[in-house]
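Heavy-atom basis, side chains included; hydrogens, waters and symmetry copies ignored.
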Amino acid sequence: MLINQSWYQRPQGVPNSETAGGVVARKAGDQILLALAQEQIYDDYVLPKGHVEPGESIEEAARREIEEEVGVSDLTLIELLGIKERLDFNKTEWKKTHYFLFTTEQVNTKPTHTEQHEEMHWVPLDPVPKFFWPEQQALVEENRERILD
């Protein structure tokens, strides 16, 4: 499936949705690896993220979603990388996603919530991997130097 500009144009009457997630990086020798989820029916990667639950802070939601989708729970917050907006996959919600940069030393992980993402992979930052969502690809490319620090 090709994600095009139609996902980035908000139609009238589509409700808002607050979501959170992040870029999770760890050092492995001289490489930086990213914890990425893999969609069930596509080969491309996605950053772990999801809805903010009632009573949760945006950071708490990011941490929970990361643990659910890629199994990483030992996270050190570095900074907020940015906010990206688009329609959800079914084009029924306008998602405003807050992306944080986290580091970890955790190696052996697997998703705890496998409804949408059955697998996680540690993928080298160089070259930047191919993402299913173009705004996630852009986020990683825009912040490559920050992730490498």
Side-chain angles (χ1 to χ4, degrees), residues 1-26 31-73 75-104 109-149:
M1 167 173 254
L2 176 64
I3 302 301
N4 59 32
Q5 272 309 112
S6 68
W7 269 269
Y8 300 94
Q9 298 167 1
R10 185 178 183 170
Q12 288 283 118
V14 174
N16 283 327
S17 173
E18 288 286 324
T19 61
V23 174
V24 178
R26 75 173 173 87
Q31 289 190 85
I32 299 293
L33 303 178
L34 303 180
L36 301 177
Q38 190 165 15
E39 295 285 345
Q40 284 184 351
I41 57 174
Y42 300 106
D43 291 334
D44 299 337
Y45 297 110
V46 294
L47 292 172
K49 54 115 189 84
H51 287 92
V52 177
E53 300 291 337
E56 257 183 339
S57 72
I58 292 170
E59 182 186 335
E60 288 168 339
R63 289 175 178 275
R64 178 184 49 75
E65 288 291 341
I66 289 167
E67 183 170 7
E68 287 176 1
E69 294 189 3
V70 294
V72 181
S73 58
L75 297 165
T76 301
L77 175 63
I78 305 302
E79 63 185 311
L80 176 67
L81 289 179
I83 298 170
K84 299 288 185 180
E85 297 185 49
R86 65 165 167 81
L87 287 166
D88 69 345
F89 186 78
N90 296 316
K91 295 188 174 182
T92 58
E93 289 182 327
W94 185 254
K95 295 178 109 170
K96 180 179 180 182
T97 305
H98 305 257
Y99 288 102
F100 295 89
L101 174 59
F102 294 98
T103 59
T104 190
T109 65
K110 65 180 184 173
T112 61
H113 187 259
T114 57
E115 184 178 300
Q116 207 171 7
H117 306 106
E118 292 180 343
E119 296 183 27
M120 77 77 63
H121 299 275
W122 287 106
V123 179
L125 176 59
D126 285 323
V128 173
K130 184 171 183 334
F131 287 85
F132 181 79
W133 293 105
E135 86 280 359
Q136 292 182 351
Q137 180 97 31
L139 179 84
V140 171
E141 289 172 354
E142 292 161 6
N143 290 286
R144 188 178 169 283
E145 293 305 315
R146 291 161 84 182
I147 297 167
L148 286 170
D149 282 344

Undergrad: Apply the test side-chain contact (heavy atoms from CB on, under 4.5 Å) to residues F102 and I78: give CA-CA distance (whole Å), side-chain angles for both, the deciding distance (0.1 Å), then the verdict.
TA: CA-CA 5 Å; F102 294 98; I78 305 302; 5.9 Å; no

Undergrad: Do T76 and T104 have side-chain heavy atoms sitting under 4.5 Å apart?
TA: no

Undergrad: State, to 0.1 Å, how close I66 and G21 come at their nearest heavy-atom pair, and which atoms those are.
TA: CD1-C, 4.3 Å

Undergrad: So do Q38 and M120 actually touch side chain to side chain, heavy atoms under 4.5 Å?
TA: no

Undergrad: Might you point out which heavy atoms bring V46 and F131 nearest each other, and give the distance in Å?
TA: CA-CD2, 4.2 Å

Undergrad: Atom CD in E85, atom CD in E135: separation rounded to 0.5 Å?
TA: 10.5 Å

Undergrad: Check for a donor-acceptor pair, side chain of R63 on one end and backbone N or O of L75 on the other, with a separation under 3.5 Å.
TA: yes

Undergrad: side-chain contact (heavy atoms from CB on, under 4.5 Å) for W122 and V24? Distances and angles first, verdict last.
TA: CA-CA 9 Å; W122 287 106; V24 178; 4.3 Å; yes

Undergrad: Pairing donors with acceptors under 3.5 angstrom, does anything connect the side chains of Q136 and Y99?
TA: yes

Undergrad: In terms of ring plane angle, is the pair F89 and W7 parallel, tilted or perpendicular, where the classes change at 30° and 60°?
TA: tilted

Undergrad: Side chain of D88, backbone of K91: donor and acceptor closer than 3.5 Å?
TA: yes

Undergrad: Less than 4.5 Å apart, side chain to side chain, heavy atoms only: is that true for T19 and K96?
TA: no

Undergrad: Would you check if there is a donor-acceptor pair between the side chains of E141 and Q137 at a distance under 3.5 Å?
TA: yes

Undergrad: List the atom of F100, the atom of A62, and the distance in Å for their closest heavy-atom pair.
TA: CD1-CB, 3.7 Å

Undergrad: What are the two closest heavy atoms between V70 and A37, and how far apart are they?
TA: CG1-N, 3.7 Å

Undergrad: Checking T97 against I83 for the side-chain contact (heavy atoms from CB on, under 4.5 Å) test, could you report, in this order, the C-alpha distance in whole Å, the side-chain angles of both residues, the deciding distance, and whether it holds?
TA: CA-CA 5 Å; T97 305; I83 298 170; over 6 Å; no

Undergrad: Given I32 and R26, is the side-chain contact (heavy atoms from CB on, under 4.5 Å) satisfied, shown in steps?
TA: CA-CA 6 Å; I32 299 293; R26 75 173 173 87; over 6 Å; no

Undergrad: Rounded to the nearest 0.5 Å, what separation is found between the CH2 atom of W133 and the NZ atom of K95?
TA: 7.5 Å

Undergrad: Can we say R64 and E69 salt-bridge, meaning some charged N sits less than 4.0 Å from an Asp/Glu carboxylate O?
TA: no

Undergrad: Should D44 and K130 count as an ion pair when the cut-off is N to O under 4.0 Å?
TA: yes

Undergrad: Got a second to check how far R144's CZ is from L125's CG, nearest 0.5 Å?
TA: 5.5 Å

Undergrad: Taking the basic N atoms (NZ, or NE/NH1/NH2) and the acidic carboxylate oxygens, is any pair closer than 4.0 Å for E65 and K49?
TA: no

Undergrad: If you look at every heavy atom in A35 and V72, which pair is closest and at what distance?
TA: CB-CG2, 4.3 Å

Undergrad: What heavy-atom pair brings V14 and W94 nearest, and what distance separates the two atoms?
TA: CG1-N, 3.4 Å

Undergrad: Give a yes-or-no answer on whether the side chains of E56 and H51 include a donor-acceptor pair shorter than 3.5 Å.
TA: no

Undergrad: Heavy-atom distance under 4.5 Å between the side chains of N143 and L101, does that happen here?
TA: no

Undergrad: What's the spacing between Y8 OH and R86 CZ if we round to 0.5 Å?
TA: 6.0 Å

Undergrad: Return the CD1 to CG distance between I147 and L81, rounded to the nearest 0.5 Å.
TA: 6.0 Å

Undergrad: Would you please say whether a donor-acceptor pair under 3.5 Å links the side chains of N4 and S6?
TA: yes

Undergrad: As an exercise, state the distance from CG of L80 to NE2 of H98, rounded to the nearest 0.5 Å.
TA: 8.0 Å

